[in-house]
2 protein chains.
Amino acid sequence: MSREFRRAMPLLPISMVMQLTELTARQIRYYEEHKLIEPARSEGNRRMFSLDDVDALLEIRELLDQGINMAGIKKVFDMRKNNNYVKSSNKMAISDSELRSILREEMQQAQIMQKASIRQGDLSRFFQAKGE
Amino acid sequence: MSREFRRAMPLLPISMVMQLTELTARQIRYYEEHKLIEPARSEGNRRMFSLDDVDALLEIRELLDQGINMAGIKKVFDMRKNNNYVKSSNKMAISDSELRSILREEMQQAQIMQKASIRQGDLSRFFQAKGE
DNA sequence: AATACCATGTAAGGAAAAATAACATATTAA
DNA sequence: TTAATATGTTATTTTTCCTTACATGGTATT
């Protein structure tokens, strides 16, 4: 519950999401336009993204790479949403698919970290003067 | 290792940190000026904070509440830093103090979440149109 | 081949957020 | 009282982000 919440919390500005996902602002906004993500807005109307949003964007990128178009991706996302609904309605200990979902999540997280650390020229500059 | 890294990653703009910690920008910058935190900088010179930074700020707030001044807090932080060094140098399974440190971290995390969820008028507005 | 659509690039103009710097001030310490 | 701390406030400048509009290379359709 707390963990879910944490991942759903809108914290990141678009600039960070761009770096984490290697997507352009244009792309991110376009995917929002097509309802693949729905980032929150700050008072001043700035998009604020959650880690869940970042996950979704990474997946979008991947699916696009695989030649799937917006409509297809939307379908995939909708299916997953429904699946989640079913899952939570008849709550058992921990289903197979749930486990897989968790694993997938973990892997994406790992992926993010990898991106941020290895692929330099992006986040690297943020680790400059972190002194000492 | 990955978890540490994650918490050290500079992701948040100062506005989010203000909301998470209930500190003013002035305060946050002042603490930085006094080397209690050292947030990274974006290309455009904007401060980018990590979750570790947020933790530190929450602790600073608490210590100030307790009547401790900058110098005192700096001391506390330095002591912890040294302690961490000792800990990692003679690495055993998981020391007592490490466990406590982890627990403290967890509690602070919980504290953040509580802040963000319950104390509305702050983050609440970010959860508006997160539709459906 | 011509046309249309899709995903993205790019540019303009404006608004919001954040930076620095300087001065003000209430409380605490000497 | 005077000095030092921690924070508020204001002004000015940069940086980031927003929306809108138009351009474009690739695919698919006719």
Side-chain angles (χ1 to χ4, degrees), chain A residues 10-49 53-54 56-77 122-123 125-126 128-129, chain B residues 10-49 53-54 56-77 122-123 125-126 128-129:
Chain A
L11 295 170
L12 320 184
I14 198 170
S15 55
M16 286 316 302
V17 177
M18 290 170 65
Q19 294 182 89
L20 292 172
T21 63
E22 291 187 309
L23 294 167
T24 65
R26 181 66 166 94
Q27 287 175 299
I28 295 170
R29 297 193 190 112
Y30 183 72
Y31 305 150
E32 177 188 27
E33 200 178 331
H34 285 263
K35 302 286 174 58
L36 294 182
I37 54 172
E38 301 187 63
R41 295 294 182 120
S42 76
E43 283 183 289
N45 196 36
R46 285 184 146 145
R47 274 168 264 255
M48 299 302 303
F49 299 79
D53 290 327
V54 173
L57 288 170
L58 286 174
E59 184 157 17
I60 290 168
R61 216 187 50 163
E62 201 174 310
L63 294 176
L64 280 174
D65 272 359
Q66 294 171 23
I68 301 167
N69 64 8
M70 291 287 105
I73 297 176
K74 210 174 307 183
K75 194 72 171 181
V76 170
F77 279 25
D122 286 348
L123 275 179
R125 78 184 84 88
F126 281 118
Q128 320 161 317
Chain B
L11 295 170
L12 320 184
I14 199 169
S15 55
M16 287 315 303
V17 177
M18 289 170 65
Q19 294 180 88
L20 292 173
T21 62
E22 291 187 308
L23 294 167
T24 65
R26 181 68 165 94
Q27 287 175 300
I28 295 170
R29 296 192 191 113
Y30 184 73
Y31 304 150
E32 178 189 25
E33 199 177 331
H34 286 262
K35 302 286 175 57
L36 293 182
I37 54 173
E38 302 186 63
R41 295 295 182 121
S42 78
E43 283 184 288
N45 197 35
R46 278 170 144 76
R47 273 167 263 256
M48 299 301 304
F49 299 79
D53 289 328
V54 174
L57 288 170
L58 287 173
E59 184 157 16
I60 291 168
R61 216 188 49 166
E62 201 175 311
L63 294 176
L64 280 174
D65 272 358
Q66 295 171 23
I68 301 167
N69 64 7
M70 291 287 104
I73 298 176
K74 211 173 306 182
K75 194 71 171 182
V76 170
F77 279 25
D122 285 348
L123 275 179
R125 77 183 85 89
F126 281 117
Q128 318 161 316

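Just so we're on the same page: letters track the sequence lines, and every chain starts at 1.
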*Side chain of B/Y30: nearest nucleotide among D/dA6, C/dG9, D/dT14?*
D/dA6

*asked:* Return whichever of B/G44 or A/Q27 has its heavy-atom-nearest nucleotide of DNA chain C closer to the 5' end.
replied: A/Q27

*Find out whether B/K35 and B/F77 are in side-chain contact, i.e. whether some heavy atom of one side chain is under 4.5 Å from a heavy atom of the other.*
no

*Side-chain contact test, heavy atoms from C-beta onward, threshold under 4.5 Å: evaluate it for B/F49 versus B/M16 and give yes or no.*
no

*Which part of the nucleic acid does B/R29 contact within heavy-atom distance under 4.0 Å: base, sugar-phosphate only, or nothing?*
base

*Rounded interatomic separation in angstrom, taking CG from A/D65 and P from C/dA7*: 14 Å

*Protein-nucleotide distance (B/L23, atom CG; D/dT7, atom C1'), rounded to Å*: 11 Å

*Nearest-Å distance, CZ (B/R46) to C1' (D/dT15)?*
4 Å

*Given atom CD1 of B/I28 and atom P of D/dT7, what is their separation to the nearest angstrom?*
11 Å

*Between A/I14 and B/A71, just flag the one whose closest nucleotide in DNA chain D comes earlier from the 5' side.*
B/A71

*Could you tell me the separation between the CD atom of B/Q19 and the C1' atom of C/dA17, rounded to a whole number of Å?*
12 Å

*Phosphate-side-chain proximity, A/S42 and C/dA16, N/O vs OP1/OP2 below 4.0 Å*: no

*N or O in side chain of A/R47 less than 4.0 angstrom from C/dA17 OP1/OP2*: no

*Close side-chain approach of B/L23 to B/V17, heavy-atom, < 4.5 Å*: no

*To the nearest angstrom, how far is B/H34 atom NE2 from D/dT5 atom P?*
8 Å

*Rounded distance (Å) that lies between atom P of C/dA15 and atom CD of A/E43*: 18 Å

*More 5' along DNA chain C: A/M70 or A/N45, using each one's nearest nucleotide?*
A/M70

*B/L64 and B/M70, any side-chain heavy atoms less than 4.5 Å apart*: yes

_Interatomic distance where CZ belongs to A/R26 and C1' belongs to D/dT20 [whole Å]_ = 10 Å

*A/R29: partners by salt bridge (charged side-chain N to carboxylate O under 4.0 Å, His left out), with sequence neighbours left out*: none

